[in-house]
Amino acid sequence: MSAPLPAPTIPGQPLTALAPMQDVTDLAFMRVAAHYGAPDYFVTEFFRVHSQSRPEKHILRAIDENTTGRPVFAQLIGEDIAHLARTIDELLRHPVAGIDLNLGCPAPKVYKKNVGGGLLREPDKISKILAAIRAAVPGLFTVKMRIGFEDTGHYDAILDLVNEHRIDLLAVHGRTVRELYRGEVHYDAIARAVARVRCPVMANGNITSAAKAARVLAETRAAGVMIGRHAIRNPWIFRQCREHFAGRPVTPVTFADVRDYIGHLFNATRQPGIPENAHVSRMKKFLNFTGQSVDPDGAFLRDMRRATTAAGLFAVCDRHLLAEPAREFALEPYPGVIARPNCEMPDSAAAASGIGGG
Ligand SMILES: Cc1cc2nc3c(=O)[nH]c(=O)nc-3n(C[C@H](O)[C@H](O)[C@H](O)COP(=O)(O)O)c2cc1C
């Protein structure tokens, strides 16, 4: 190993990480997540690497202005070896915990350029890229991958490349690119990675609660869990994981706590010059996830989606969350209460909604 891996906040526990999410996991969101119970480490949204690219300034802020107390890895998406090396050289001048490579993004506009999830079709190309990045990164080099493009035909070969190129940590989202964000996660495939690679593996995909995290860890024997959408819904999830892993009861989250989170998130993500309606629209994307645990009928989500002003949005939040402030926020999402746009939809709709990622 080239440098020490992030340490779990509580020694001896499985690792937790906030999954990188484009347009979500920026500096503001990382700080909010840290406020409610930080994951053990963070990963930035992806820096796009191509001949004209320079590391995006707003993503760099998540590294340079990190006040969370936890390490931040810089994620890259690209395939041009010279430009990857140039970008890594630039990023290593910033306080990054390490460099992460995206081998999972399923957005058609990304995979059609043969980057992100598109690379999973070409193990030979992956091998060249991993070799080049390994040579350029003296510290930690991590990979976040899906289990294949159409199917898992190249999966074992790619896992062997993870060993060959001495990757320090591997996060596996247990779906193929074609499966997008829908349906069951193939935890058995994550277990296959754990058995095959020498480095620690982070299990990713549909980890909805601390109890689910423990079940996935038991099934996969992974070193930790990486959580994305359910940390937007419930930013207490990492604290709850630590409690659950320690054998303690999970501290309940009340509706008053959720109202506090929404207010905090609103203030933290507000950007100068962004009109109120645009900020409200962005908030609604976050609240789409949070609303999955407010009521089993989706009434909060329906009302929230109609709000167009900050005052209207907060009136909905107050009506649904402060009438019974001590009520418990459900630990799991209510079945059938779907976030829209929700990443659970077909290719074209997901592309139209701008959901990219991995
Ligand atoms: C809105 C959104 C943006 C995403 N952006 C990225 C990204 O920039 N890089 C990446 O590796 N994965 C990205 N992902 C994938 C997540 O990191 C994660 O692998 C996926 O959501 C499954 O985990 P979850 O069920 O815990 O959300 C994104 C996912 C979503 C929903």
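Side chain of Ser281 to backbone of Asn277: a donor-acceptor contact under 3.5 angstrom is found. Under a 3.5 Å cut-off, the side chain of Asn204 and the backbone N or O of Ala171 do not form any donor-acceptor pair. No donor-acceptor distance shorter than 3.5 angstrom exists from the side chain of Arg61 to the backbone of Asp64, with no hydrogens or angles considered. No donor-acceptor pair closer than 3.5 Å links the side chain of Tyr181 to the backbone N or O of Arg175.
Between Arg146 and Thr176, the closest heavy-atom pair is NH1-O, 3.0 Å. Between Cys105 and Phe46, the shortest heavy-atom distance links the atoms SG-CE2, 4.3 Å. Across Ala62 and Thr44, no two heavy atoms sit closer than the pair CB-CG2, 4.4 Å. In terms of heavy-atom proximity, Ala307 sits nearest to Val280 at O-CG1, 4.0 Å. Here the shortest heavy-atom pairing between Ser53 and Thr87 reads OG-OG1, 4.4 Å. In this structure, Asn66 and Thr68 approach most closely via the heavy-atom pair OD1-OG1, 2.6 Å.
Here Arg54 pairs with Glu90 in a salt bridge; the nearest charged N to carboxylate O distance falls below 4.0 Å. For Lys113 and Asp80, the salt-bridge test fails: no basic side-chain N is under 4.0 Å from an acidic carboxylate O. Between Asp156 and Arg192 a salt bridge is recorded (basic side-chain N to carboxylate O distance below 4.0 Å). Using a cut-off of 4.0 Å between Lys/Arg side-chain N and Asp/Glu carboxylate O, Asp26 and Arg31 are scored as not salt-bridged.
The ring pair (Phe, Tyr, Trp, His ring centres under 6.0 Å) with Tyr261 is formed by just one residue from the set Phe329, Tyr36, Phe289, Phe286; it is Tyr36.
Between the side chains of Ser293 and Arg233, at least one donor N or O sits under 3.5 Å from an acceptor N or O. A donor-acceptor pair shorter than 3.5 Å cannot be found between the side chains of Ser209 and His230. No hydrogens or angles considered: nothing links the side chains of Arg196 and Asn163 as a donor-acceptor pair under 3.5 Å. If you check the side chains of Asp40 and Gln13, you find no donor sitting under 3.5 Å from an acceptor. With hydrogens and angles left out, the side-chain atoms of Asp168 and Thr142 include no donor and acceptor closer than 3.5 Å. Side-chain contact of Thr254 with Asp257: a donor-acceptor pair under 3.5 Å is present, judged by distance alone. Side-chain atoms of Arg282 and His279 form no donor-acceptor pair, as typed in the model, at a separation below 3.5 Å.
Remark: aromatic rings of His320 and Phe255 are distant, center separation not under 6.0 Å.
Remark: His50 pairs with no residue by the ring-ring contact (aromatic ring centres under 6.0 Å, His included) rule, at least two apart or across chains. With sequence neighbours excluded, no residue forms a side chain to side chain donor-acceptor pair (under 3.5 Å) with Arg302.
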* To do: Report the C-alpha separation of Phe238 and Leu18 in whole Å, then their side-chain angles, then the decisive distance to 0.1 Å, and conclude whether the side chain to side chain contact (heavy atoms under 4.5 Å, CB included) test is met.
  => CA-CA 9 Å; Phe238 301 109; Leu18 177 65; 4.0 Å; yes
* side chain to side chain contact (heavy atoms under 4.5 Å, CB included) between Leu91 and Leu60, worked out -> CA-CA 8 Å; Leu91 290 173; Leu60 281 176; 3.7 Å; yes
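In the hydrophobic clustering of this structure, Phe314 groups with Val316; members are Ile, Leu, Val, Met, Phe, Trp, Tyr whose side-chain heavy atoms approach within less than 4.5 Å, directly or through other members. Two different hydrophobic clusters hold Leu27 and Phe42 under the rule that ILVMFWY side chains link at heavy-atom gaps under 4.5 Å. Note: the hydrophobic cluster containing Ile232 also contains Tyr334 (ILVMFWY, side chain heavy atoms under 4.5 Å, direct or indirect links).
Contact check for Tyr187 versus Asn206: side-chain heavy atoms found under the 4.5 Å cut-off. Put simply, the side chain of Val143 reaches to within 4.5 Å of the side chain of Leu130, judged on heavy atoms. The shortest distance between side-chain heavy atoms of Phe73 and Pro20 does not fall below 4.5 Å.
The neighbour count for Arg221 CZ, taken as heavy atoms of other residues, nucleotides or ligands under 6.0 Å away, does not exceed 12.
One distance of note links NE2 of His264 with CZ of Arg259; it measures 13.0 Å at 0.5 Å rounding.
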